Amino acid sequence: MKRVLLTGAGGGIGRRMRRELAGVYPSLRVSDIGEIEPAGPDEEIVSADLTNADQVARLLQDVDGVIHLGGLSVEHEWSDILRTNIDALYRFYEAAHLAGVKRIVFASSNHAVGFYPRSRRLDGSERPRPDCRYGLSKVFGEALSQYFADNYGLGILSIRIGWCFERPETPRTLGSWVSIGDLTRLCRVGLETPDLHHEIVWGISDNARTWWDNATARRLGYEPQESSDHWADAIDASTTPEPGDAVALGVQGGPFASSGYVGTPDRVL
Ligand SMILES: NC(=O)c1ccc[n+]([C@@H]2O[C@H](COP(=O)([O-])OP(=O)(O)OC[C@H]3O[C@@H](n4cnc5c(N)ncnc54)[C@H](O)[C@@H]3O)[C@@H](O)[C@H]2O)c1
């Protein structure tokens with residue numbers, strides 16, 4: 001990997017991952033539609049709107065591998081999800097193939113399977129059960145990744161990211177937490193491991209209380225260095241209720257599965 005592209009580099013994960021990736025690859029191209037910090041050594045900023053084909057073609061020129069974080073990261077109206085997370089995602093993959101990109105790490109989400117009950121252990125091979133329109137777009141992204149691996153030979157790692165924030169806040173996020181260091185390690189596995197076709201793995205740290213079996217990630221070489229376990233006692237003792245309605249509290253996707261999430265009037269479960 002000589003030149004790696006990081007999309008969504010102005011977002012919550014992207015801003016922090018940029019720091020983790022400093023000096024790792026000879027050239028890191030960072031991109032977002034929004035504000036972005038100035039370029040560091042071996043970094044290049046190429047601003048782009050992922051829904052603009054000309055800008056995307058320019059963005060992908062001379063790129064070997066992509067960590068694709070850019071897009072809508074929570075629930076939105078269907079028209080927005082369709083435009084950014086589905087139509088533009090297809091066009092992004094097509095442009096990546098035409099540009100000769102070898103690897104893509106796709107930021108999928110646990111919300112692709114968020115309607116599974118909390119009693120169920122998942123390993124990435126189960127059928128999709130999206131918990132919202134946003135989760136549905138991640139199901140599309142995983143299927144798109146399979147198609148581009150099968151049909152065009154791209155190597156792709158779909159990472160069902162759990163909860164990538166500073167620390168877990170609730171019983172649910174104790175299981176789904178991933179540190180930025182571990183998520184970056186997993187993205188590097190996706191870019192660097194030899195002979196990757198397409199795999200679906202969990203973006204989680206080494207958490208004892210998880211619903212997710214990450215054997216596939218470990219087989220590919222992922223070795224998480226951090227764990228949510230040391231917050232478990234404090235979270236168990238907390239009296240702050242977990243957000244979400246009765247449906248949300250029973251399923252893995254939590255509040256994303258609540259009826260009325262985001263307050264859009266047309267939401268139908
Ligand atoms: N944060 C998490 O715990 C979590 C969990 C599961 C999945 N994910 C996925 O990881 C990725 C990053 O998440 P995040 O929390 O940093 O989200 P974020 O919303 O903070 O960042 C996403 C970035 O994408 C950019 N973007 C949106 N539309 C764009 C467009 N049309 N063109 C170019 N850029 C555009 C935004 O400006 C933003 O900076 C997302 O794909 C999200 O779905 C995150």
Side-chain angles (χ1 to χ4, degrees), residues 5-21 29-37 45-60 66-77 79-92 95 104-114 130-142 144-145 157-170 172-180 182-184 186-187 190 200-205 207 212 228 252-257 262:
L5 166 65
L6 178 69
T7 67
I13 295 179
R15 274 199 310 273
R16 293 180 295 146
M17 191 173 285
R18 233 179 119 176
R19 293 197 279 273
E20 299 285 322
L21 288 172
R29 181 174 291 171
V30 292
S31 182
D32 205 289
I33 193 175
E35 264 185 44
I36 197 158
E37 287 167 22
I45 295 175
V46 180
S47 297
D49 178 349
L50 292 167
T51 66
N52 180 310
D54 292 338
Q55 293 179 20
V56 167
R58 191 167 56 96
L59 182 62
L60 286 161
V66 181
I67 300 175
H68 195 34
L69 303 177
L72 302 178
S73 61
V74 291
E75 185 66 312
H76 279 80
E77 297 290 346
S79 54
D80 297 330
I81 292 283
L82 182 63
R83 181 162 185 262
T84 303
N85 282 18
I86 294 185
D87 187 52
L89 188 67
Y90 176 83
R91 293 174 196 284
F92 183 90
I104 297 178
V105 174
F106 170 59
S108 185
S109 168
N110 65 94
H111 297 290
V113 286
D131 57 24
C132 56
R133 294 180 289 262
Y134 159 73
L136 188 59
S137 74
K138 295 300 186 181
V139 173
F140 172 80
E142 292 180 359
L144 183 71
S145 298
L157 188 67
S158 292
I159 304 180
R160 286 181 181 164
I161 301 172
W163 171 262
C164 187
F165 293 89
E166 290 303 330
R167 49 155 292 179
E169 306 283 349
T170 61
R172 176 178 169 270
T173 54
L174 263 183
S176 59
W177 184 70
V178 60
S179 71
I180 191 64
D182 281 341
L183 186 58
T184 308
L186 188 51
C187 289
I200 297 174
V201 298
W202 295 98
I204 45 170
S205 284
N207 311 329
W212 304 326
S228 67
Q252 300 191 5
F256 279 53
V262 197

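Computed from heavy atoms alone, side chains included, the values below leave out hydrogens, waters and symmetry copies. In listed order, ligands and their atoms are each counted from 1. Only a predicted model underlies this, so the values are computations on that prediction, with no experimental measurement involved.
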* To do: Could you check I159, I13, D182 and say which one makes a side-chain contact (heavy atoms from CB on, under 4.5 Å) with C187?
  => I159
* Asked: What about H68 and F92, are their ring centers closer than 6.0 Å?
  -> yes
* Only counting residues at least two apart or in another chain, list the ones meeting side-chain hydrogen bond (donor to acceptor under 3.5 Å, both in side chains) with W163. => none
* To do: Could you check whether the rings of H111 and Y134 sit parallel, tilted or perpendicular, using 30° and 60° as the cut-offs?
  => tilted
* **Residue pairs passing the salt bridge (charged side-chain N to carboxylate O under 4.0 Å, His left out) test where at least one lies in residues 80-89, sequence neighbours excluded** => D87-R91
* To do: Output all residues satisfying side-chain hydrogen bond (donor to acceptor under 3.5 Å, both in side chains) with R15, sequence neighbours left out; order by chain, then residue number.
  => none
Would you mind writing out a table of all protein N or O atoms found under 3.5 Å from any N or O atom of ligand 1, naming both atoms and giving the distance to 0.1 Å?
from: ligand 1; atom 1: 3 (O); to: C164; atom 2: N; distance (Å): 2.7
from: ligand 1; atom 1: 16 (O); to: G12; atom 2: N; distance (Å): 3.2
from: ligand 1; atom 1: 16 (O); to: I13; atom 2: N; distance (Å): 2.8
from: ligand 1; atom 1: 17 (O); to: S73; atom 2: OG; distance (Å): 3.2
from: ligand 1; atom 1: 19 (O); to: S73; atom 2: OG; distance (Å): 2.7
from: ligand 1; atom 1: 20 (O); to: G12; atom 2: N; distance (Å): 2.8
from: ligand 1; atom 1: 24 (O); to: G71; atom 2: N; distance (Å): 3.2
from: ligand 1; atom 1: 24 (O); to: G71; atom 2: O; distance (Å): 3.4
from: ligand 1; atom 1: 31 (N); to: D49; atom 2: OD1; distance (Å): 3.0
from: ligand 1; atom 1: 32 (N); to: L50; atom 2: N; distance (Å): 2.8
from: ligand 1; atom 1: 34 (N); to: I33; atom 2: N; distance (Å): 3.4
from: ligand 1; atom 1: 37 (O); to: D32; atom 2: OD1; distance (Å): 2.6
from: ligand 1; atom 1: 39 (O); to: G11; atom 2: N; distance (Å): 3.2
from: ligand 1; atom 1: 39 (O); to: D32; atom 2: OD1; distance (Å): 3.3
from: ligand 1; atom 1: 39 (O); to: D32; atom 2: OD2; distance (Å): 2.6
from: ligand 1; atom 1: 41 (O); to: L69; atom 2: O; distance (Å): 2.9
from: ligand 1; atom 1: 41 (O); to: K138; atom 2: NZ; distance (Å): 3.1
from: ligand 1; atom 1: 43 (O); to: Y134; atom 2: OH; distance (Å): 2.6
from: ligand 1; atom 1: 43 (O); to: K138; atom 2: NZ; distance (Å): 3.1

